[in-house]
Amino acid sequence: MRILVIGSGAREHALLRALRRDPAVTDLFVAPGNAGTASLAQTCPVDIADPESVAGLAASLAVDLVVIGPEVPLVNGAADAVAARGIPVFGPSADAAQIEGSKAFAKDVMNVAGVPTSTAVTVTWPGEIEAALTECGSPYVVKDDGLAAGKGVVVTQDREVAVAHALAVLEAGHPVLVEEFLAGPEVSLFAVCDGTRAVPLLPAQDFKRLGDGDTGPNTGGMGAYAPLDWTPAGLVPQVQRDVLDPVLAEMAARGAAFSGLLYAGLVLTEDGPKVIEFNCRFGDPETQVVLELLDSPLGALLAAAADGDLTRVPAPVWKAGSAVTVVIAAENYPGIPVTGDPITGADQDGILHAGTAVRDGVVVSAGGRVLSATAAGTDLAAARTAAYALVDAVSLRGSQHRTDIAEAAAAGLVRVP
Ligand code: AMP
Ligand code: GLY
C-alpha cells in the first residue's frame with residue numbers, strides 16, 4: 001500500500017509511525033508534514049485547506065489510500081475531492097464532517113438519535129444570551145458553534161466572562177451554544193467507522209487546560225494517557241450501543257453516512273456517559289497514546305474503513321501496559337505562539353513532532369504545540385516516568401508543559417460519580 005497522510009501535527013507523526021509498522025505499507029507520503037515526519041515519509045508541500053490540491057496530489061502520487069488528519073480539510077471537502085477521483089480515503093465527507101464543524105448540527109443529530117448529551121440552547125443574537133445562561137445555569141458553558149481548534153469553549157462561574165465570550169463569538173459572525181455543565185471525568189473514545197459500522201479503539205483521557213490541576217485557558221490538548229483502568233466495566237459496549245451505533249444510523253438516514261474516525265468526547269456523569277462533543281477525526285494528543293498501544297496493522301484497518309467494509313479485518317489488538325504523552329508547547333500558547341527558536345533533544349525516540357521545521361539544518365519551533373513526548377510502560381507510573389524523562393531531555397526557550405499528566409490516574413484517584 002502507498003499511503004498519503006494529510007496534516008502536520010504529532011497526531012500525524014503518530015499515524016505515520018504506526019503505519020510504518022504495518023508490513024503491507026510500502027510507501028508513505030505526508031503533506032505538509034514537519035521536521036519529525038521527514039524520516040518516515042516523503043514530504044509533499046501542498047495547501048491542505050484546498051480540497052482540489054489534496055486530490056491532485058493523491059492522484060499524482062498514485063496512492064492506494066489517503067488518510068486525512070485535521071478537521072479543516074475534512075470540513076472543506078478534501079475527502080469528497082479525493083473520492084471523486086476514485087481514490088480510497090479515510091475521513092468523512094464534508095456533509096458528515098458537520099458533526100464536528102457545527103456543534104448545533106451535532107446536538108440535533110444526538111437529540112434525534114436519542115443520544116445522552118447536555119441540554120443546550122443556540123443563541124443567534126445578543127438579546128438571547130441572558131435567558132440562555134439562566135436556563136442552563138452555573139458553571140456556564142459557552143461555545144463557538146464553529147471550528148475553533150479547541151479554543152472556542154469557555155467554562156466559567158463568572159457570568160460577566162460568559163456574557164463577554166458569547167458576545168465575542170456573535171460579533172465574529174458565529175452562533176453560540178450555551179450548555180448545561182456536566183460534572184465527571186472526561187473520556188475520549190475513538191471509533192473507526194465505515195459508514196454503517198463502528199469499531200471502538202482504546203478509551204483515552206486528554207488534558208485540555210493549559211495549567212497543572214486543570215487551571216488556565218482551554219488548549220488543543222496538553223497531554224493524554226491510555227488505557228483508563230478506572231472506567232466502569234462495560235463502558236465501551238454501552239457507548240457503542242447508546243452513542244456510536246445510533247449516531248451512525250442517524251447520519252446515514254440524513255444521507256451523510258459517516259466513514260472515518262468518529263471521536264466521542266464523553267463525560268462520565270452520575271447519570272452515565274454523556275456526549276459533550278464529536279470530532280470527525282483522530283484526536284490530538286490522544287492518538288499518540290492510543291496508537292502507541294496498537295499491536296495490529298493500522299493500514300489494513302483504515303483501508304477497510306475507507307472501502308466501507310470493516311468486517312474484512314479482525315478487531316484491533318492492544319499491547320499490555322499504558323502509554324502517556326506530554327505536550328511541549330511554545331511560549332505564549334494558546335495565544336499567538338513564539339516561534340523560530342532552536343530545539344534540542346527533539347530527535348529522541350518517542351518525541352513526536354508537531355510545530356517544528358528545519359531552518360539552516362537546525363530544528364526550530366514553528367507552532368503552538370511543538371512536540372509530544374510519548375512513552376509506554378508496564379503501568380501508568382512507568383509510562384509517566386518514561387514520558388517525563390523525554391520531556392526533561394528537551395530544551396526550547398520559554399516552552400510550557402504540564403507536570404501532572406496521568407498523575408491522578410496513576411495514584412488511583414480518578415473517581416466516577
Ligand atoms: P469541546 O471543545 O466541546 O470539547 O469543549 C472543550 C472542553 O470544555 C471539554 O473538553 C470540557 O473540558 C469542557 N466542556 C465542554 N462542554 C462541557 C460541558 N457541557 N460540561 C462541562 N465541561 C464542558
Ligand atoms: N484532544 C482534543 C481534540 O483533538 O480535539
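Start at 1 and go down the list; that is how both ligands and their atoms are numbered. This structure is a prediction, so every number in the text was calculated from the model and none was measured.
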**Report entry** Euclidean distance, H13 NE2 relative to I351 CD1, rounded to 0.5 Å
**Finding:** 10.0 Å
Report task. Mark the output for G265 as yes if a heavy-atom distance to ligand 2 is under 4.0 Å, and as no if none is. Result -> no
Query - Non-hydrogen atom of A224 closer than 4.0 Å to ligand 2 - result: no
Report summary line: Logged contact type for F282 with ligand 2, heavy-atom cut-off 4.0 Å, is neither
Query raised in the report: Can you tell me how far the CD atom of E171 sits from the CG atom of L167, to the nearest 0.5 Å?
Result: 6.0 Å
Query raised in the report: Backbone or side chain, does any N or O of E286 fall under 3.5 Å from an N or O of ligand 2?
Result: yes
Query raised in the report: Counting each atom of ligand 2 from 1 as listed, which ones have a heavy atom of G220 under 4.0 Å away?
Result: 1 (N), 2 (C)
Report task. With atom 11 (C) of ligand 1 as the reference point, say which of K103, E186, E180 has the nearest heavy atom. Result -> E186
Query raised in the report: With distance as the sole test, does N34 use its side chain to make a donor-acceptor pair with the main-chain N or O of T37 at under 3.5 Å?
Result: yes
Report task. Enumerate the atoms of ligand 2 whose separation from the nearest heavy atom of D206 is less than 4.0 angstrom. Result -> 1 (N), 2 (C)
Requested in this report: Mark up the atoms of ligand 2 that fall under 4.0 Å of a heavy atom belonging to Y263, in ascending order.
Outcome: 1 (N), 2 (C), 3 (C)
Query raised in the report: Just heavy atoms, cut-off under 4.0 Å: does L182 contact ligand 1 by side chain, backbone, both, or neither?
Result: both
Query raised in the report: Is D206 touching ligand 1 with its side chain, its backbone, both, or neither, if touching means heavy atoms under 4.0 Å apart?
Result: neither
**Report entry** Partner set under salt bridge (charged side-chain N to carboxylate O under 4.0 Å, His left out) for R241, not counting sequence neighbours
**Finding:** none
**Report entry** Under 4.0 Å to a heavy atom of P285 - the qualifying atoms of ligand 2, by number
**Finding:** 1 (N)
Query raised in the report: In terms of atom number and element, which parts of ligand 2 are under 4.0 angstrom from non-hydrogen atoms of N279?
Result: 3 (C), 5 (O)
Query raised in the report: With atoms numbered from 1 as shown, which atoms in ligand 2 lie under 4.0 angstrom from a non-hydrogen atom of G283?
Result: 4 (O)
Report task. Mark up the atoms of ligand 1 that fall under 4.0 Å of a heavy atom belonging to E179, in ascending order. Result -> 16 (N), 18 (C), 19 (N)
Requested in this report: Please answer whether the main-chain N or O of P334 pairs with a side-chain N or O of T219 as donor and acceptor at a distance below 3.5 Å.
Outcome: no
Requested in this report: Please indicate whether D349 has more than 12 foreign heavy atoms, meaning atoms of other residues, nucleotides or ligands, lying under 6.0 Å from its CG.
Outcome: no
Requested in this report: Flag the pair K107 and D145 as a salt bridge only when some basic side-chain nitrogen lies within less than 4.0 angstrom of an acidic carboxylate oxygen.
Outcome: no
Query raised in the report: For ligand 2, is any non-hydrogen atom under 4.0 Å from M222's backbone (N, CA, C, O), its side chain (CB onward), both, or neither?
Result: neither
**Report entry** Salt-bridge present (D214, R209; N to O < 4.0 Å)
**Finding:** no
Report task. Record the part of K143 in heavy-atom contact with ligand 1 below 4.0 Å; permitted values are side chain, backbone, both and neither. Result -> side chain
Requested in this report: List the steps, then state whether side-chain hydrogen bond (donor to acceptor under 3.5 Å, both in side chains) holds for T374 with Q288.
Outcome: CA-CA 7 Å; T374 309; Q288 289 88 300; 5.7 Å; no
Query raised in the report: Does NZ or CZ of R281 come closer than 6.0 Å to the centre of the six-membered ring of F90, within 45° of the ring's axis?
Result: no
**Report entry** Proximity flag K208 to ligand 2, non-hydrogen atoms under 4.0 Å
**Finding:** yes
Query raised in the report: With a cut-off of 4.0 Å, which atoms of ligand 2 are near a heavy atom of R281?
Result: 3 (C), 4 (O), 5 (O)
Report summary line: One should read off an interatomic distance between F278 CZ and M110 CE, to the nearest 0.5 angstrom, of 5.0 Å
Query raised in the report: Is there a donor in the side chain of Q400 and an acceptor in the side chain of Y333, or the other way round, less than 3.5 Å apart?
Result: no
Report task. Give the atoms of ligand 1, by number and element, whose distance to some non-hydrogen atom of N218 is under 4.0 Å. Result -> 7 (C), 8 (O)
Report task. State whether the shortest distance between N or O atoms of E277 and N or O atoms of ligand 2 falls below 3.5 angstrom. Result -> no
